[in-house]
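Following: one structure in structure tokens, then a few remarks.
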Amino acid sequence: MKAFLAVLLVFVSFLAKAGGSFDGTPPDTTFKYDRYFTSFGYGVSFPRYKVLNSVIDNYNNTRPNIKRKMPNIIDTHGFDISIGSMGKGYILEYGYSQRTRGMYGIDSIQGFTEQRNIRIASYIMSMGISAKVKGFKRFTLYAGGAVTGGFEVQSTGAFRSYDTFKQPLKRTDSSFLLGITASAQLHYRLDKAGRFGVMAKPYFFAEFLECYYGDLNKTINPLTYKNNDNNNLYGFSHMLGLELKVFVVI
């Protein structure tokens with residue numbers, strides 16, 4: 001009998017939490033226990049590519065007959081996806097992001113042209129936690145941080161005007177990424193219960209490891225790379241960014 005009463009008490013407590021009181025009062029829509037969620041969308045980053053852009057500048061400045069200068073890489077773009085759990089005052093999140101950017105220059109060489117392409121791609125994973133700062137109507141502001149890691153891939157290729165086929169880009173080097181990310185999240189609930197919404201997430205990623213651009217420099221500047229000190233071809237890929245995502249609470 002005691003065991004039956006204990007089970008009944010637990011069951012009644014569960015109903016009270018899940019469905020509200022028995023007098024017909026609707027349930028409270030705020031989170032009283034953890035809910036799982038997923039979010040997905042698109043993001044833009046503004047990395048500090050000072051060393052990478054110096055390699056691009058070497059390409060532009062050492063070709064007297066260049067027809068189209070290769071622009072510096074200022075921003076990268078890609079998709080973002082995350083899963084995690086959220087409670088009344090926090091978010092625990094695991095995320096994956098991809099950022100890419102490609103540029104090209106055209107050089108005139110003895111009666112033909114050569115188009116040189118480069119592509120930078122970053123694949124980033126993170127694990128972080130954020131705390132609720134303030135809520136107002138359907139808006140909720142969070143702030144927090146994450147441990148972030150992944151790798152950056154550099155690829156390049158050339159296509160001459162007399163070539164029949166355009167070869168795919170080849171990887172020249174890759175570097176590990178490891179650092180911390182500080183971010184804010186502004187959520188807007190599309191429904192009263194907060195199961196569907198949109199969010200904006202500005203962030204800053206501080207990189208601990210340096211990326212190496214010496215192999216890329218050697219490939220796109222084969223006649224002048226020996227004049228460069230390889231010790232000056234390491235750079236930190238710190239970045240500012242913004243994610244715009246849809247989130248769904250399960």
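Just the heavy atoms: all of them, side chains too, but no hydrogens, waters or symmetry mates, feed the values below.
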Would you say that Lys132 contacts Leu141 through its side chain, given a criterion of any heavy-atom pair below 4.5 Å between the two side chains?
no
Hphob cluster co-occupancy, Val153 + Val51, side-chain heavy atoms under 4.5 angstrom:
no
Measure across Gln154 and Tyr212 and return the closest heavy-atom pair with its distance rounded to 0.1 Å.
NE2-O, 2.9 Å
Under a 3.5 Å threshold, yes or no: a donor from one side chain and an acceptor from the other, between Arg119 and Thr100?
no
Val44 backbone acceptor or donor facing His77 side chain under 3.5 Å:
no
Short question: side chain of Asp173, backbone of Asp215 - any donor-acceptor pair under 3.5 Å?
no
Within 6.0 angstrom of Leu209 CG, more than 12 heavy atoms from elsewhere:
yes
List the atom of Arg63, the atom of Ile220, and the distance in Å for their closest heavy-atom pair.
NH2-O, 2.7 Å
Could you tell me whether Phe112 and Tyr162 have their ring centroids closer than 6.0 angstrom?
yes
Strictly by modelled atom types, are Thr181 and Thr148 linked by a side-chain donor-acceptor pair under 3.5 Å?
yes
What do you reckon, are the aromatic ring centroids of Phe151 and Phe176 less than 6.0 Å apart?
no
Examine the side chains of Gln185 and Glu93 and answer whether a donor and an acceptor come within less than 3.5 Å of each other.
yes
Indicate the atoms forming the closest heavy-atom contact of Val248 with Phe196, along with that distance.
CG1-CE2, 3.7 Å
Drop me the distance from Leu92's CG to Ser85's OG, to the nearest 0.5 angstrom.
4.5 Å
Can you confirm whether Ser155 sits close enough to Ile118 that some side-chain heavy atom of one is under 4.5 Å from a side-chain heavy atom of the other?
no
Donor-acceptor pair, side chain of Arg35 and main chain of Gly87, under 3.5 angstrom
no
Look at the side chain of Thr140 and the backbone N and O of Gly135, then say whether any donor-acceptor pair between them is shorter than 3.5 Å.
no
Between the side chain of Asp229 and the main-chain N/O of Asn231, is any donor-acceptor distance below 3.5 Å?
yes
Value for CD (Gln98) from OH (Tyr123), rounded to nearest 0.5 Å, stands at 5.0 Å
Closer than 3.5 angstrom, by distance alone: can the side chain of Thr38 be matched with the main-chain N or O of Ser82 as a donor-acceptor pair?
yes
What about the rings of Phe139 and His187, do their centers lie closer together than 6.0 Å?
no
Cluster link Leu52 to Tyr234, ILVMFWY, side chain under 4.5 Å:
yes
Would a distance-only check, ignoring hydrogens and angles, find a side-chain to backbone donor-acceptor pair under 3.5 Å from Asn53 to Ile73?
yes
I'd like to check Tyr104 versus Arg68 (side-chain heavy atoms, cut-off strictly below 4.5 Å). Are they in contact?
yes
Could you grab the distance from atom OG1 of Thr76 to atom CE of Met239, nearest 0.5 Å is fine?
5.5 Å
Closest heavy-atom pair and its distance - Ser130, Tyr142
CB-CB, 4.0 Å
Are any non-hydrogen side-chain atoms of Thr156 and Leu169 less than 4.5 angstrom apart?
no
Under 3.5 Å: donor-acceptor pair, side chain of Asn217, backbone of Tyr213
no
If you look at every heavy atom in Gly214 and Leu233, which pair is closest and at what distance?
CA-CD1, 3.6 Å
Can you find a heavy atom in the side chain of Glu243 that is under 4.5 Å from one in the side chain of Tyr203?
yes
Quick check: do Thr113 and Asp107 have side-chain heavy atoms less than 4.5 Å from each other?
no
Check for me, please, whether Leu240 and Leu244 land in the same ILVMFWY cluster - side-chain distances under 4.5 Å, paths through other members count.
no
Salt bridge check, Arg99 against Asp80: does any charged N sit closer than 4.0 Å to a carboxylate O?
yes
Any chance you could measure Phe136, atom CZ, to Tyr188, atom OH, to the nearest 0.5 Å?
11.5 Å
Sidechain-backbone polar pair: Glu207 side chain, Leu178 backbone, donor-acceptor under 3.5 Å
yes
Within 45° of the six-membered ring axis of Phe236 and under 6.0 Å from that ring's centre, is NZ or CZ of Arg48 located there?
no
Can you check whether Ser237 reaches Tyr49 side chain to side chain, under 4.5 Å on heavy atoms?
yes
Aromatic contact, Tyr42 with Phe79 (centres under 6.0 Å):
no
Minimum heavy-atom distance Arg195-Ile250, with the two atoms named:
NH1-C, 3.7 Å
Look at the side-chain heavy atoms of Ile, Leu, Val, Met, Phe, Trp and Tyr, link any pair under 4.5 Å apart, and say whether Ile83 and Met127 land in one connected group.
yes
Indicate, with yes or no, if Tyr36 and Phe40 share a hydrophobic cluster defined by side-chain heavy-atom contacts under 4.5 Å among Ile, Leu, Val, Met, Phe, Trp and Tyr.
no
Any donor and acceptor pair, going by atom type alone, linking the side chain of Asn60 with main-chain N or O of Met70 inside 3.5 Å?
yes
With heavy-atom distances below 4.5 Å as the criterion, would you say the side chains of Asn58 and Tyr225 are in contact?
no
Could you list the residues that satisfy salt bridge (charged side-chain N to carboxylate O under 4.0 Å, His left out) with Arg101, not counting sequence neighbours?
Asp75
Going by distance alone, is a donor N or O of one side chain under 3.5 Å from an acceptor N or O of the other, for Asn227 and Asn221?
no
